[in-house]
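Written below as structure tokens is the structure these notes are about.
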Amino acid sequence: MTPAMIEQVRPPVPAEKLDHEIGRLLDALQSVYDDGWYPELEVVRPWSTHNPRISGEFARPCAIRRYLHRELRGLLAAGATVTARAARPARAFTDPEFFAALDEDRFDLRVKKLFLFGPERMALSLDRLSHYTGTPAESFQRHVLFTNYAMHVESFLERFPGAERPDREGVQMPAYHAARPDGDGVSLVNIGVGPANAKTITDHLAVLRPDTMIMIGHCGGLRNRQELGDFVLATAYQRADHVLDEVLPADVPVIPSIRLNGYLMDALATAEATWRPGVVHTTDNRNWEFNQAATLHRMRLARAVAVDMESATIAANGFRYRIPNATLLCVSDKPLHAEPKLAGGARAFYEASKRKHLGIALDALERVRAEHPDGLPGSEVRSADEPLLGNGPDGA
């Protein structure tokens, strides 16, 4: 039997009652889901000529409650009518129809909707986030850092000793969360090495609609004047990771968020760090040095300044899923200039760079919070036919 609960908020809503009314809508969504149904939000926007009525279904709305609250606040303040109701029975993971419903190719992005993902896709990703990271999806904050080194985890926990940690040993991509009451804290995920993990975590993280994603890893410096410990700020990517080629061809331009890069540049200047902007070449071959010709040719054509194994993958998925992102790498070796990464000198380099690297990224995020409390504008990752939610303040 379909739950009878329907909650609606109509304009005008007094400013002092806005948060209460939004809470009532979100409580209704969660109640519907707890009763075994996918909840649905319907938004009627009187100012829209072509798309006045938009709807979207959700799974486990508690996982994105803070995000929904922020987005609905803007809509209601602008004069929208919002209705929460039950849509259809929720599918179990073991339902034969569940697998087919995960196919993003069947979820028409050309149709305006409230959310980028269907509820089945959302439910599975939320479950897998917990599996891979050892923490509940609800623990993730609005800003996410990615690393592939335990040293950054050590620095993060030094800075945030009360951060939430994985609830068990041996998870594939452990996550750590320095939480704030409004979800405006920072999460750090140690994704390990390689583009496959980078794709996996960002595929699932995207359903949470984070405000930012920043990769803070290491790279091989490709220019003679770079020194170990120098930083690289990606301005573009050369994609040789291959894990997303089927869904995002390599000739599609992918660039980091201009605003986020600007904040990182300011933080680098404040830290008096030596850095270089430029193209980052991301490869899926850790031992590309053993078969050099093709890779070197591509790097030289692109005038790449660094090589790594994750940055372009994160950036490409950020582009696909409309999440502002950036890359700040630290040069750990110079493969073209007789300074390979060797075990003997690695530890000293790591100790010298880890706190500064993390600090620069965190300083940039402070600027985001201060200047864009409702999220960075996503104009560079939007297309003409976009979901209403998930694009920051300029997405409508």
Side-chain angles (χ1 to χ4, degrees), residues 1-92 101 107-108 111-127 136-140 142 181-184 207-211 373-375 386-393 395-396:
M1 184 175 181
T2 306
M5 179 182 294
I6 296 179
E7 295 288 349
Q8 187 176 75
V9 178
R10 292 178 173 273
V13 182
E16 66 273 14
K17 294 186 177 181
L18 196 54
D19 288 336
H20 171 77
E21 293 298 296
I22 295 170
R24 186 165 62 85
L25 287 169
L26 297 178
D27 289 344
L29 290 181
Q30 188 61 43
S31 180
V32 167
Y33 186 70
D34 291 342
D35 286 341
W37 294 73
Y38 290 134
E40 179 183 51
L41 277 175
E42 180 184 71
V43 176
V44 177
R45 306 176 300 160
W47 61 84
S48 175
T49 302
H50 303 291
N51 298 284
R53 186 181 301 271
I54 317 175
S55 64
E57 298 175 352
F58 300 88
R60 215 163 113 191
C62 61
I64 58 169
R65 185 181 178 99
R66 293 184 296 253
Y67 165 78
L68 288 175
H69 189 285
R70 183 180 73 186
E71 299 293 326
L72 290 177
R73 203 176 203 284
L75 288 164
L76 289 168
T81 297
V82 181
T83 305
R85 60 167 67 94
R88 54 191 172 92
R91 289 190 172 112
F107 197 57
D108 190 355
V111 178
K112 280 279 191 176
K113 58 182 70 65
L114 281 179
F115 205 56
L116 190 61
F117 304 98
E120 292 88 353
R121 166 76 159 81
M122 184 179 179
L124 184 63
S125 284
L126 293 173
D127 186 78
E138 288 82 355
S139 296
F140 275 84
R142 287 166 54 185
D182 58 357
D184 199 24
V207 304
L208 295 178
R209 311 312 300 149
D211 283 6
D374 291 329
E386 285 292 353
L388 176 65
L389 303 187
N391 297 306

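Only heavy atoms go into these numbers, but all of them, side chains included; no hydrogens, no water, no symmetry mates.
Separation of atoms OH (Y67) and CG (L72) is listed at 9.5 Å; rounding is to 0.5 Å. Residue I64 holds its CD1 atom at 9.0 Å from CZ of R209, rounded to the nearest 0.5 Å. Atom CG of L41 is separated from atom CZ of F58 by 5.0 Å, given to the nearest 0.5 angstrom. Between the CG atom of D34 and the SG atom of C62 there is a distance of 7.5 Å, given to the nearest 0.5 Å. One finds the CZ atom of R65 at 10.0 Å from the CD1 atom of I22 (value rounded to the nearest 0.5 Å). Between the NZ atom in K17 and the CG atom in L76 there is a gap of 14.0 Å [rounded to 0.5 Å].
Minimum interatomic distance between P373 and R142 (heavy atoms only, all atoms of both residues): O-NH2, 2.6 Å. Here the shortest heavy-atom pairing between A137 and L126 reads CB-CD2, 3.6 Å. When all heavy atoms of M122 and V207 are compared, the pair lying nearest together is CA-CG1, 4.1 Å. Listed here is the closest heavy atom pair of E7 and A28: CG-CB, 3.4 Å. Between P119 and A59, the shortest heavy-atom contact is O-CB, 3.2 Å. Counting all heavy atoms, side chain and backbone alike, G375 lies closest to R70 at N-NH1, 3.8 Å.
Here the side chains of P52 and P46 are not in contact, with every heavy-atom distance at 4.5 Å or above. Inter-residue side-chain proximity for E42 and I54 is flagged as unmet; no heavy-atom pair is nearer than 4.5 Å. Two residues are said to be in side-chain contact when any heavy atoms from C-beta on lie closer than 4.5 Å; T81 and P11 meet this criterion.
For T83 and Q8, the side-chain atoms include at least one donor-acceptor pair closer than 3.5 Å.
A salt bridge links R88 to E120: at least one charged side-chain nitrogen sits closer than 4.0 Å to a carboxylate oxygen. Salt bridge absent: D19 and R24 never bring a charged side-chain N and a carboxylate O closer than 4.0 Å.
E21 places no side-chain N or O within 3.5 Å of a backbone atom of V9 that could act as its donor or acceptor partner. Using a distance-only test at 3.5 Å, with no hydrogens or angles considered, a donor-acceptor pair links the side chain of R45 to the main chain of N51.
Remark: P136 engages E138, S139, E164 in a side-chain contact (heavy atoms from CB on, under 4.5 Å) (not counting sequence neighbours).
Using cut-offs of 30° and 60° for the angle between ring planes, the Y38 and Y33 rings count as parallel.
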